[in-house]
**Q** 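I am attaching a structure below and will ask some questions about it afterwards.
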Amino acid sequence: MTNRKKILVLCTGNSCRSQIAEGYLRYFANNKADIYSAGVETHGVNPKAVATMQEDNIDISKHTSNNIKEYSDIEFDFVITVCDNAKERCPYFPSKAKKFHQNFPDPAKVTGKEEEIKEEFRKVRQQIKDYCQQFVADNL
């Protein structure tokens, strides 16, 4: 077996954006990498993130919300921060990992009617999907 790359997706609470990114990276990497996601805090996996990914036939319902400290012993090849807060608050850990940053809006912060909230989740999901597809094409 080849040397699989290790990718960490980091967000504030590991509940939404990083979970969506983990799902798409797993899908697009197609076993070329080990994908992890974590937060500088843990907020649990957002049920709306699970539902919006299910609409695109990606199952993240078994994902867990993890804290970055749980992965301190893993030597990552890539670390992707998906929100400005995580980039600013990310604790330093010695690593040769190439760091990437893309700030995505937090769909969990949207208020309004249920359909408006669903649309925001779909919009952010598409942004993350496009980013993850390009990331895999460029780096794996």
Side-chain angles (χ1 to χ4, degrees):
M1 191 83 196
T2 80
N3 218 0
R4 292 163 49 113
K5 299 291 183 186
K6 290 183 174 44
I7 303 171
L8 173 65
V9 184
L10 187 61
C11 198
T12 301
N14 193 219
S15 66
C16 222
R17 295 165 286 184
S18 53
Q19 295 289 345
I20 291 170
E22 178 184 352
Y24 280 126
L25 286 168
R26 284 179 190 273
Y27 176 78
F28 291 122
N30 195 21
N31 294 321
K32 292 184 206 157
D34 295 321
I35 315 297
Y36 303 80
S37 69
V40 292
E41 305 165 4
T42 54
H43 296 166
V45 180
N46 187 308
K48 288 181 173 65
V50 174
T52 197
M53 290 297 282
Q54 195 61 51
E55 291 176 358
D56 201 24
N57 297 312
I58 306 277
D59 183 7
I60 64 168
S61 64
K62 304 272 189 294
H63 285 197
T64 57
S65 186
N66 300 86
N67 188 289
I68 188 170
K69 293 174 187 165
E70 295 173 48
Y71 300 135
S72 61
D73 61 336
I74 297 174
E75 187 64 44
F76 290 102
D77 297 288
F78 303 103
V79 174
I80 305 168
T81 49
V82 293
C83 70
D84 289 342
N85 185 44
K87 182 180 182 205
E88 293 163 13
R89 290 183 56 199
C90 180
Y92 173 77
F93 56 101
S95 172
K96 65 175 173 49
K98 285 181 70 175
K99 293 174 180 61
F100 294 82
H101 176 69
Q102 180 65 49
N103 186 52
F104 295 103
D106 186 354
K109 290 201 179 337
V110 172
T111 58
K113 295 184 174 137
E114 189 63 28
E115 194 53 40
E116 294 169 327
I117 294 168
K118 282 183 181 180
E119 277 309 309
E120 183 64 18
F121 268 86
R122 290 177 183 131
K123 184 178 99 180
V124 172
R125 176 190 69 200
Q126 187 62 49
Q127 292 171 359
I128 295 172
K129 181 179 184 178
D130 293 344
Y131 178 86
C132 290
Q133 188 169 22
Q134 191 62 53
F135 180 89
V136 168
D138 292 347
N139 296 287
L140 295 184

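Atom set for the values below is all heavy atoms of this structure, side chains included, hydrogens, waters and symmetry mates excluded. Everything numeric here is computed off the predicted structure, so don't read it as measured data.
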**Q** For Leu10 versus Ser18, what's the shortest heavy-atom pair and its separation?
**A** C-CB, 4.4 Å
**Q** Would you find more than 12 non-hydrogen atoms of other residues, nucleotides or ligands less than 6.0 Å from Phe100 atom CZ?
**A**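 Above 12, so yes.
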**Q** Are Lys113 and Glu116 ion-paired here, with the side-chain N under 4.0 Å from a carboxylate O?
**A** no
**Q** Assigning hydrophobic clusters by single linkage (Ile, Leu, Val, Met, Phe, Trp, Tyr; side-chain heavy-atom cutoff under 4.5 Å), is Tyr131 placed with Phe121?
**A**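 Unlinked, Tyr131 and Phe121 end up in two clusters.
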**Q** Can Arg4 and Asp34 be counted as an ion pair, charged N to O under 4.0 angstrom?
**A** yes
**Q** Which heavy atom of Ile7 sits nearest a heavy atom of Ala33, and at what distance?
**A**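 It is CD1-CB, 3.9 Å.
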**Q** Any chance the side chains of Asp130 and Gln134 put a donor and an acceptor closer than 3.5 Å?
**A**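 No.
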**Q** Go through the steps for Phe28 and Phe135 under the test ring pair (Phe, Tyr, Trp, His ring centres under 6.0 Å), then give the verdict.
**A** CA-CA 9 Å; Phe28 291 122; Phe135 180 89; over 10 Å; no
**Q** Say you draw a straight line from CG of Asn31 to CD1 of Ile35; how long is it, rounded to the nearest 0.5 Å?
**A**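 Rounded to the nearest 0.5 Å, the CG-CD1 separation comes to 9.5 Å.
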**Q** Regarding Gln19 and Asn14, do their side chains bring together a donor and an acceptor under 3.5 Å, going by distance alone?
**A** yes
**Q** Using side-chain heavy atoms (C-beta onward) and a distance below 4.5 Å, is Gln54 in contact with Asp59?
**A** yes
**Q** Any heavy-atom pair between the side chains of Glu70 and Asn67 that's under 4.5 Å?
**A**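 Counting from C-beta outward, Asn67 and Glu70 do come under 4.5 Å.
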**Q** At their closest point, which heavy atom of Val79 faces which heavy atom of Ala97, and how far apart are they?
**A**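 Scanning both residues, the minimum pair turns out to be CG2-CB, 3.8 Å.
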**Q** Look at Asp56 together with Arg122 and state whether they make a salt bridge at an N to O cut-off of under 4.0 Å.
**A** no
**Q** Look only at the side chain of Ser15 and the backbone of Val45, and say whether a donor-acceptor pair between them is shorter than 3.5 Å.
**A**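 No; zero donor-acceptor contacts below 3.5 Å.
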**Q** Under 3.5 Å, side chain of Ser65 to main-chain N/O of Gly13, donor-acceptor pair present?
**A**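 Yes; judged by distance alone, with no hydrogens or angles, the pair exists.
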**Q** Are any of the side-chain heavy atoms of His63 and Arg26 separated by less than 4.5 Å?
**A**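 With C-beta onward as the side chain, the pair touches.
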**Q** Taking the side chain as C-beta and beyond, is there a heavy-atom pair between Tyr36 and Val9 under 4.5 Å?
**A** no
**Q** To the nearest 0.5 Å, how far apart are NE2 in His43 and SG in Cys16?
**A**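 It is 11.5 Å, given to the nearest 0.5 Å.
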**Q** Do Phe104 and Val110 sit in the same hydrophobic cluster, where Ile, Leu, Val, Met, Phe, Trp and Tyr count as joined when their side-chain heavy atoms come under 4.5 Å apart?
**A** no
**Q** At what distance, to the nearest 0.5 angstrom, does NZ of Lys98 lie from CD1 of Ile80?
**A**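 The NZ atom of Lys98 sits 11.0 Å away from the CD1 atom of Ile80.
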**Q** Rounded to the nearest 0.5 Å, how far apart are CD of Glu22 and SG of Cys11?
**A**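 Between atom CD of Glu22 and atom SG of Cys11 there are 12.0 Å.
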**Q** Tell me the closest heavy-atom pair linking Gly112 and Ile117, and the distance in Å.
**A** O-CD1, 3.6 Å
**Q** State, to 0.1 Å, how close Gln127 and Pro105 come at their nearest heavy-atom pair, and which atoms those are.
**A** OE1-CD, 3.3 Å
**Q** State whether Asp106 and Arg17 are salt-bridged, where the test is any N-O pair (Lys NZ or Arg NE/NH1/NH2 against Asp/Glu carboxylate O) under 4.0 Å.
**A** yes
**Q** Given side chains that start at C-beta, do those of Gln133 and Tyr24 come closer than 4.5 Å, heavy atoms only?
**A** no
**Q** For a 4.5 angstrom cut-off between non-hydrogen side-chain atoms, does Lys96 reach Asp77?
**A** yes
**Q** Determine the minimum heavy-atom distance between Asn66 and Ser37, stating which atoms define it.
**A**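 Closest approach of Asn66 to Ser37, heavy atoms only: CB-O, 3.8 Å.
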**Q** Looking at side-chain heavy atoms only, is the closest gap between Ile20 and Thr52 below 4.5 Å?
**A**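 In contact.
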**Q** Is the closest side-chain heavy-atom distance between Val82 and Asn103 below 4.5 Å?
**A** no
**Q** Under 4.0 Å between a Lys/Arg side-chain N and an Asp/Glu carboxylate O for Arg125 and Glu55?
**A**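 Answer for the salt bridge query: yes.
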**Q** In plain terms, say whether Lys118 and Glu114 are close enough for a salt bridge, that is, a side-chain N and a carboxylate O under 4.0 Å apart.
**A**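 Result for this pair is no, no salt bridge flagged.
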